[in-house]
Chemist: 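Mind having a look at this structure? Questions to follow.
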Amino acid sequence: MTPRELSLQIIRRLRRQGHQALLAGGCVRDRLLGRRPKDYDVATSARPEEVEALFDRTLAIGAAFGVIMVLGEEGAKVEVATFRSEGPYEDGRHPSSVRFTSAEEDARRRDFTINAMFYDPLDRKLIDYVGGQADLSRGIVRAVGDARERFAEDHLRMLRAVRFATRLGFRLEKSTRAALREMAPLVSRTSGERIRDELALILQHPHRSQALELLLETGLLQAILPEVAAMKGVQQGALHHPEGDVWQHTLLCMAQLRQPDLKTALATLLHDVGKPPTYSPQGEDGLFPRHAQVGAEIAVEIANRLRLTGQERKAIDWSIRHHMDFMQIQEMKRSTLKRLFSSPHFDVLAEVKRADQLGTMKPARDYRLLMRLRRDLQREELKPDPLLRGKDLLKLGMPPGPDMGRVLAALYEAQLEGEITDHQQALERARRLMDEIREESRRESSGQLPPE
């Protein structure tokens with residue numbers, strides 16, 4: 001059973017009981033655009049308890065607001081919402097009261113005209129109280145009624161306006177755009193979770209770069225990600241970045257992503273977020289000294305603000321921290337490459353690296369070399385068991401402590417580099433390293449070496 005089939009069953013059953021029931025919202029919009037809807041929603045005159053009584057499997061996901069989820073076979077599910085009007089919004093998210101009402105009043109409390117239409121699938125009739133069909137044909141995103149009132153009710157609607165406009169290739173209607181610019185700072189009052197979910201829909205869509213430009217133009221980016229907005233106007237060296245400033249480079253990088261998940265999209269968006277605060281035209285280490293490390297710290301702060309999961313935070317932090325590691329990839333030690341390749345976050349880093357190179361308007365040669373090296377090294381074991389462990393050094397007479405850790409680390413690096421390949425070679429290298437440490441200790445105690 002598909003959601004569409006389930007929605008038709010629901011509508012027929014509600015009609016047989018004397019209730020009005022219609023398809024509502026995004027599925028109507030998508031059908032008029034000739035697109036296949038992902039979800040189907042039903043709006044009805046039946047009250048929540050009446051909906052629950054008519055169907056065997058339901059979830060009261062928002063009974064106070066008149067919303068019941070009806071579950072069908074094979075995972076199909078459809079939201080069924082009672083026609084309602086709403087009292088004043090006192091917190092920028094929730095109405096202070098809800099009153100069950102008519103289809104027309106329900107349409108007039110919705111966010112945008114293109115989302116406020118109903119469709120009767122049995123009589124094949126469009127029901128449009130707000131001019132949504134005309135706006136759809138003209139390619140306009142217009143708030144229902146007074147845009148300031150709609151955005152004051154729910155501040156997240158401002159991000160949704162940008163999402164719909166860029167996803168559909170539409171333009172914001174004049175008064176809707178003006179209200180959005182005026183009220184953009186209010187979106188920062190929205191919870192991090194809700195902003196994260198809306199950003200996910202924006203950043204994972206192919207039109208993500210256009211959405212970012214509109215977010216900046218309207219002031220929404222400054223409200224939710226001021227660290228990203230700060231990239232605008234930060235100049236880079238023309239030799240390595242002929243494409244322009246940090247903002248332009250970031251937009252080009254975002255356009256190159258291939259069906260990214262949220263952590264990959266955010267890691268790419270934030271990979272140069274450390275450049276504005278580290279800009280130093282007279283710096284000895286280039287224009288942006290330590291921008292990868294600084295950027296990783298900023299990115300973690302943003303990830304915390306957006307309530308990302310621990311794994312998402314780690315992936316973003318690690319990828320940004322290491323995105324400059326491949327500047328001299330052909331000279332990199334095999335042990336270093338193996339450590340990077342064995343990271344659980346390497347795939348995120350690789351996509352950031354690819355987008356970063358293409359965002360400079362140059363071929364992704366380093367990325368292709370990186371992936372070729374990875375394929376070659378994957379034929380070997382990226383993270384082999386150490387040839388020697390602490391117990392082996394104890395048998396050689398080395399006491400536990402920092403020196404033992406130094407020897408084990410040096411042995412493992414030599415193993416990854418292919419300098420030692422068996423237990424006997426590792427023992428010989430260990431004895432030599434232990435002798436060097438003893439000699440250093442002797443010279444230090446006799447005053448021949450200054451203590452560290």
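Fair warning: this is a prediction, and the values are worked out from it, not measured in the lab.
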Chemist: If only atom types and distance count, is the side chain of Ser209 paired as donor or acceptor with the main-chain N or O of Ala255 below 3.5 Å?
Modeler: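 Checking the backbone N and O of Ala255 against the side chain of Ser209, a donor-acceptor pair under 3.5 Å is found.
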Chemist: So that I know where these two stand, are His291 and His271 an aromatic pair - ring centroids less than 6.0 Å apart?
Modeler: no
Chemist: Is any side-chain N of the basic residue among Asp120 and Arg15 closer than 4.0 Å to the acidic one's carboxylate O?
Modeler: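 A salt bridge is present here (some side-chain N lies under 4.0 Å from a carboxylate O).
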Chemist: Which of these passes side-chain contact (heavy atoms from CB on, under 4.5 Å) with Leu23: Ile10, Ile11, Leu8?
Modeler: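 That would be Ile11.
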Chemist: So do Ile316 and Thr264 actually touch side chain to side chain, heavy atoms under 4.5 Å?
Modeler: no
Chemist: Are Leu168 and Arg35 close enough that some pair of their side-chain heavy atoms sits under 4.5 Å apart?
Modeler: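 Yes; the side chains approach each other to less than 4.5 Å.
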Chemist: One thing to verify: whether Arg181 and Glu217 come together as a salt bridge, which I'm taking to mean a side-chain N less than 4.0 angstrom from a carboxylate O.
Modeler: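 A salt bridge is present here (some side-chain N lies under 4.0 Å from a carboxylate O).
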Chemist: Just by distance, do the side chain of Asp123 and the backbone of Lys125 share a donor-acceptor pair under 3.5 Å?
Modeler: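 Not a single qualifying donor-acceptor pair exists.
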Chemist: The criterion is ring-ring contact (aromatic ring centres under 6.0 Å, His included); which residues satisfy it with Tyr279, sequence neighbours excluded?
Modeler: Phe288
Chemist: Checking Gln17 side chain against Leu14 main chain: does a donor-acceptor pair fall under 3.5 Å?
Modeler: no
Chemist: Dump the intermediate steps for side-chain contact (heavy atoms from CB on, under 4.5 Å) on Leu251 and Glu213, then the final yes or no.
Modeler: CA-CA 8 Å; Leu251 291 178; Glu213 289 186 283; 3.5 Å; yes
Chemist: Measure the shortest side-chain to side-chain distance between Phe164 and Arg29 over non-hydrogen atoms and say whether it is less than 4.5 angstrom.
Modeler: yes
Chemist: Tell me, do Thr176 and Phe151 make a side-chain contact under 4.5 Å, heavy atoms counted?
Modeler: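 Thr176 vs Phe151: side chains touch.
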Chemist: Locate the shortest heavy-atom distance separating Val130 from Ala116; write the atom from each residue and the value.
Modeler: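 So the minimum-distance heavy-atom pair works out to CG2-CB, 3.7 Å.
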Chemist: Look only at the side chain of Glu74 and the backbone of Met1, and say whether a donor-acceptor pair between them is shorter than 3.5 Å.
Modeler: yes
Chemist: Within the side chain of His323, is there an N or O that forms a donor-acceptor pair under 3.5 Å with the backbone of Ile320?
Modeler: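 Judged by distance alone, yes, a pair lies under 3.5 Å.
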Chemist: Check the pair Asn115 / Arg110 against side chain to side chain donor-acceptor pair (under 3.5 Å), numbers first and verdict last.
Modeler: CA-CA 7 Å; Asn115 298 335; Arg110 292 178 179 253; over 6 Å; no
Chemist: Can you tell me which residue among Leu225, Val162, Leu214, Leu212 is in a side-chain contact (heavy atoms from CB on, under 4.5 Å) with Leu220?
Modeler: Val162
Chemist: What distance separates Cys253 SG from Gln248 CD, expressed to the nearest 0.5 Å?
Modeler: 10.0 Å
Chemist: Salt-bridged, Arg305 to Glu227, with N to O below 4.0 Å?
Modeler: yes
Chemist: Ion pair present between Asp317 and Lys314, side-chain N to carboxylate O less than 4.0 angstrom?
Modeler: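 No, no charged N to carboxylate O under 4.0 Å.
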Chemist: Do Thr113 and Val141 come within less than 4.5 Å of each other through their side chains, counting heavy atoms only?
Modeler: no
Chemist: Taking all non-hydrogen atoms of both residues, which atom of Lys263 and which atom of Val348 are closest, and how far apart?
Modeler: CE-CG2, 3.8 Å
Chemist: With a 3.5 Å cut-off and no angle check, do the side chains of Lys275 and Gln236 form a donor-acceptor pair?
Modeler: yes
Chemist: When you compare the side chain of Phe326 with that of Asp366, does any pair of heavy atoms fall below 4.5 Å?
Modeler: no
Chemist: Ion pair present between Arg150 and Glu153, side-chain N to carboxylate O less than 4.0 angstrom?
Modeler: yes
Chemist: Any donor and acceptor pair, going by atom type alone, linking the side chain of Thr190 with main-chain N or O of Val187 inside 3.5 Å?
Modeler: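 Yes: the side chain of Thr190 pairs with the backbone of Val187.
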Chemist: Judged by modelled atom types alone, do Ser175 and Glu173 share a side-chain donor-acceptor pair under 3.5 Å?
Modeler: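 Yes - a donor-acceptor pair under 3.5 Å links their side chains.
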Chemist: If you measure from the Lys or Arg side-chain nitrogens to the Asp or Glu carboxylate oxygens, is any gap between Asp245 and Lys232 under 4.0 Å?
Modeler: no
Chemist: Are any of the side-chain nitrogens in Arg354 or Glu351 under 4.0 Å away from the carboxylate oxygens of its partner?
Modeler: yes
Chemist: Under the side-chain contact (heavy atoms from CB on, under 4.5 Å) rule, what do Leu349 and Trp318 come out as? Steps first, then yes or no, please.
Modeler: CA-CA 8 Å; Leu349 174 61; Trp318 188 85; 3.5 Å; yes
Chemist: So Phe346 and Pro344, do their side chains get closer than 4.5 Å, heavy atoms only?
Modeler: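 They are not in side-chain contact.
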Chemist: Roughly how far apart are Asp325 CG and Thr336 OG1, rounded to 0.5 Å?
Modeler: 8.5 Å
Chemist: Answer yes or no: is there a donor N or O on one side and an acceptor on the other, between the side chain of Gln415 and the main chain of Asp385, under 3.5 Å?
Modeler: yes
Chemist: Under a 3.5 Å cutoff, is there a donor and acceptor pairing between the side chains of Arg109 and Ser85?
Modeler: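 The answer is no; no qualifying pair exists.
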Chemist: Quick one: NE2 on His205 to CG on Leu203, what's the gap to the nearest 0.5 Å?
Modeler: 12.0 Å
Chemist: To the nearest 0.5 Å, what is the distance between CD (Glu79) and CD1 (Ile68)?
Modeler: 10.0 Å
Chemist: State, to 0.1 Å, how close Asp135 and Phe170 come at their nearest heavy-atom pair, and which atoms those are.
Modeler: O-CE2, 4.5 Å
Chemist: How close do Ser280 and Pro289 get, heavy atom to heavy atom, and via which atoms?
Modeler: CB-CD, 4.3 Å
Chemist: Working to the nearest 0.5 angstrom, can you tell me the gap between Asp197 CG and Leu159 CG?
Modeler: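 Rounded to the nearest 0.5 Å, the CG-CG separation comes out at 11.5 Å.
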Chemist: Kindly give the heavy-atom pair with the smallest separation between Arg389 and Pro386, and that separation in Å.
Modeler: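 Of all heavy-atom pairs spanning Arg389 and Pro386, the closest is NH2-CD, 3.5 Å.
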Chemist: Heavy-atom distance under 4.5 Å between the side chains of Tyr129 and Phe118, does that happen here?
Modeler: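 Contact flag for Tyr129/Phe118 side chains = yes.
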Chemist: Passes side-chain contact (heavy atoms from CB on, under 4.5 Å), Val78 versus Met69? Steps please.
Modeler: CA-CA 6 Å; Val78 169; Met69 181 77 75; 5.7 Å; no
Chemist: Check the pair Arg12 / Leu122 against side-chain contact (heavy atoms from CB on, under 4.5 Å), numbers first and verdict last.
Modeler: CA-CA 8 Å; Arg12 290 191 182 100; Leu122 304 185; 4.0 Å; yes
Chemist: Ignoring hydrogens and geometry, is there a side-chain-to-backbone donor-acceptor pair from Asn304 to Val300 under 3.5 Å?
Modeler: yes
Chemist: Mind running salt bridge (Lys or Arg N to Asp or Glu O under 4.0 Å) on Asp111 and Arg160 for me, showing each step along the way?
Modeler: CA-CA 9 Å; Asp111 55 4; Arg160 285 167 57 84; 2.7 Å; yes
Chemist: So, for Thr250 and Leu269, which heavy atoms are closest and what is the spacing to 0.1 Å?
Modeler: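 Heavy atoms only, the tightest pair is CG2-O, 3.6 Å.
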Chemist: Could you check whether any side-chain N or O of Asp106 sits under 3.5 Å from a backbone N or O of Arg84, counting only pairs where one atom can act as donor and the other as acceptor?
Modeler: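 Between the backbone of Arg84 and the side chain of Asp106 there is a qualifying donor-acceptor contact (under 3.5 Å).
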Chemist: So, Arg194 side chain and Leu156 main chain: donor-acceptor pair closer than 3.5 Å or not?
Modeler: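 Not at all, since once roles are kept as given, no pair shorter than 3.5 Å links the two residues.
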Chemist: From His249 NE2 over to Leu358 CG, what is the distance, rounded to the nearest 0.5 angstrom?
Modeler: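 Between atom NE2 of His249 and atom CG of Leu358 there are 10.0 Å.
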